[in-house]
Number of protein chains: 2
Amino acid sequence: MPRSNPPDDADRPDRPDTPDRPDRPYHHGDLRRAILRAALDVIAADGPSALSLRDLARRAGVSHAAPAHHFKDRTGLLTAIAAEGHALLATTLTEADDLRDAGVRYVRFAREHPAHFQVMFRPELLREDDLELTTARALSSERLRVAVSTARPEFDGADPRLAAIAAWSLSHGFATLLLSHNLDAVVGDRDPEDVFRTATELLFPSTGR
Amino acid sequence: MPRSNPPDDADRPDRPDTPDRPDRPYHHGDLRRAILRAALDVIAADGPSALSLRDLARRAGVSHAAPAHHFKDRTGLLTAIAAEGHALLATTLTEADDLRDAGVRYVRFAREHPAHFQVMFRPELLREDDLELTTARALSSERLRVAVSTARPEFDGADPRLAAIAAWSLSHGFATLLLSHNLDAVVGDRDPEDVFRTATELLFPSTGR
DNA sequence: GGGCAATCTTGTCAGTGACAAGTTCTGGCT
DNA sequence: AGCCAGAACTTGTCACTGACAAGATTGCCC
């Protein structure tokens, strides 16, 4: 496999008014974003354990200690990714019409942002007291609770927190198993989101539609 | 925290007929098991990424290269753990009465064998073509399929593979979120398995019982 | 235009996985 | 009994990694 990611020009923004010089400038210009992009590529391809700060620095064309200035350390980088993930998830959940749509969006989020998703729920990899992370996570779980509270009548009278757990477990389990390739055989060529929708039909026998 | 595990005598089996010698014998006696035990402790406490072969060797009182002789490398050790986990899971699923009981057992397995569980579904950590792993996994997923096929009447006529996905997703998601401490706030002091049972009631409205 | 803080570099240290080559023990065969 | 083949373990080494410290460069603000 060819290194998972061809050198992406977006990593080194060209500065139009600078005469062309083959040796890179002292300041990268947008190193933080470049590191994040590269990190997401690596994690999506090989998981968080394959992440190396020095490798990311190499990809961005900077020295091995440069990333630390933006993220402090490896945990800091993963924490930033997790926080970004929770923010993205909160946004997409906000747009959901109903609980079922929220579940589908949860699965879609995991597929479209696999690196974020693989990091968000691994406390041992994160700085749990990070402010950015805790606020982002509070927001996304708030959105989840809202989605459940506006749910269809099946859950009337039930403990809403239990209902949230049930819905979350179902979506999270499907997304997790999907990303870890444990459903490949069953899903086949079909659209995973369709499979998820159909599978949930078995549990929430479709009343309306 | 005091190193997660007090030096466990079971790691160094005493040989009764040997005169007491403070310096360890050249052969450990049961190094493979000792390494596995220590690895499970570390993973349960801090996740697979905290695993260090050299640390395990230190705990077992052997040289840094000794573990490699039993497990080839880090991936080999994790693969052995995953295979053992699938075997254990298959056993407990075999004893399940019905689908709901299988789900509860799945969650209980994750709680009682958190290290195994955290490794079993991470292909990027494993040697996927390992024979022991593939056969053990085939057995455990076979048991899951059986549990679903003998399920209660809700699923009559439904695609059994979809039903399996739905049930598996629900149990797997709950177990995953539970182990990653994402349900701590809601579960509180209650028995997690009770919470799971109650939550699933919302999705499979209890007919019998 | 001068200084200051942000950004990035070089240098270094201990820890790690993997491999190679040597040492010690065990068990089985004759 | 003896021996020897190979299993179990050791020592030694290499490249790589994360973290930290200290210095160089640069943009920016007053």
Side-chain angles (χ1 to χ4, degrees), chain A residues 3 11-19 21 23-36 38-39 42-43 46-81 119 124-127, chain B residues 3 11-19 21 23-36 38-39 42-43 46-81 119 124-127:
Chain A
R3 230 2 178 168
D11 288 346
R12 292 316 288 286
D14 42 7
R15 328 249 220 93
D17 44 6
T18 308
R21 40 167 119 167
D23 45 358
R24 56 194 163 80
Y26 196 91
H27 282 59
H28 178 285
D30 201 1
L31 182 57
R32 188 185 155 93
R33 197 180 299 270
I35 295 285
L36 274 176
V42 172
I43 297 174
D46 299 319
S49 50
L51 199 72
S52 152
L53 290 181
R54 290 172 107 105
D55 179 47
L56 299 179
R58 246 171 270 131
R59 293 178 187 228
V62 295
S63 79
H64 66 257
H69 201 274
H70 293 274
F71 299 103
K72 167 75 177 168
D73 55 14
R74 221 182 93 104
T75 302
L77 171 57
L78 292 171
T79 301
I81 291 175
V119 162
E124 81 272 16
L125 301 179
L126 307 176
R127 190 121 41 218
Chain B
R3 237 347 183 176
D11 289 344
R12 294 314 287 286
D14 41 7
R15 327 247 222 97
D17 44 5
T18 308
R21 41 167 118 166
D23 44 359
R24 55 192 163 78
Y26 196 92
H27 281 59
H28 178 285
D30 201 1
L31 182 57
R32 188 187 156 94
R33 198 180 298 269
I35 296 284
L36 274 176
V42 172
I43 296 174
D46 300 319
S49 50
L51 199 72
S52 152
L53 289 181
R54 290 173 107 105
D55 179 47
L56 299 180
R58 245 172 270 132
R59 295 179 186 227
V62 295
S63 79
H64 66 258
H69 201 273
H70 292 274
F71 300 102
K72 164 75 177 171
D73 55 14
R74 222 182 92 104
T75 302
L77 171 57
L78 291 171
T79 301
I81 292 176
V119 162
E124 80 273 16
L125 301 179
L126 308 176
R127 191 124 39 218

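To find a chain, count down the sequence lines: A is the first, B the second, and so on, and within it residues start at 1. Predicted, not measured: the structure shown is a model, and the values here were computed from it.
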Starting from [atom2] on [N], measure out to [atom1] on [X] and report it in whole angstrom.
X: B/L56; N: C/dA18; atom1: CG; atom2: P; answer: 12 Å
X: A/H69; N: D/dA19; atom1: NE2; atom2: C1'; answer: 15 Å
X: B/D73; N: C/dT16; atom1: CG; atom2: P; answer: 17 Å
X: A/D30; N: D/dG27; atom1: CG; atom2: C1'; answer: 15 Å
X: A/L77; N: D/dA19; atom1: CG; atom2: P; answer: 10 Å
X: A/R54; N: C/dG15; atom1: CZ; atom2: P; answer: 16 Å
X: A/K72; N: C/dA6; atom1: NZ; atom2: P; answer: 15 Å
X: A/H64; N: C/dT9; atom1: NE2; atom2: P; answer: 10 Å

I want to check one thing: is the phosphate of [N], taken as OP1 and OP2, less than 4.0 Å away from some side-chain N or O of [X]?
X: B/R58; N: C/dT16; result: yes
X: B/R74; N: C/dC19; result: no
X: A/S52; N: D/dG18; result: yes
X: B/H70; N: D/dC9; result: yes

(request) Give me the one residue out of B/R127, B/R74, B/K72 that meets side-chain contact (heavy atoms from CB on, under 4.5 Å) with B/T79. (result) B/R127
(message) Side chains of A/D46 and A/L51, heavy atoms from C-beta outward: is any pair under 4.5 Å?
(response) no
(message) By nearest atom, which of the nucleotides C/dG17, D/dT10, C/dC8 is closest to the B/L53 side chain?
(response) C/dG17
(message) For B/P67 versus B/L53, what's the shortest heavy-atom pair and its separation?
(response) CG-O, 3.9 Å
(message) Restricting to non-hydrogen atoms, name the atom on A/L78 and the atom on A/L126 that form the minimum distance, rounded to 0.1 Å.
(response) O-CD2, 3.6 Å
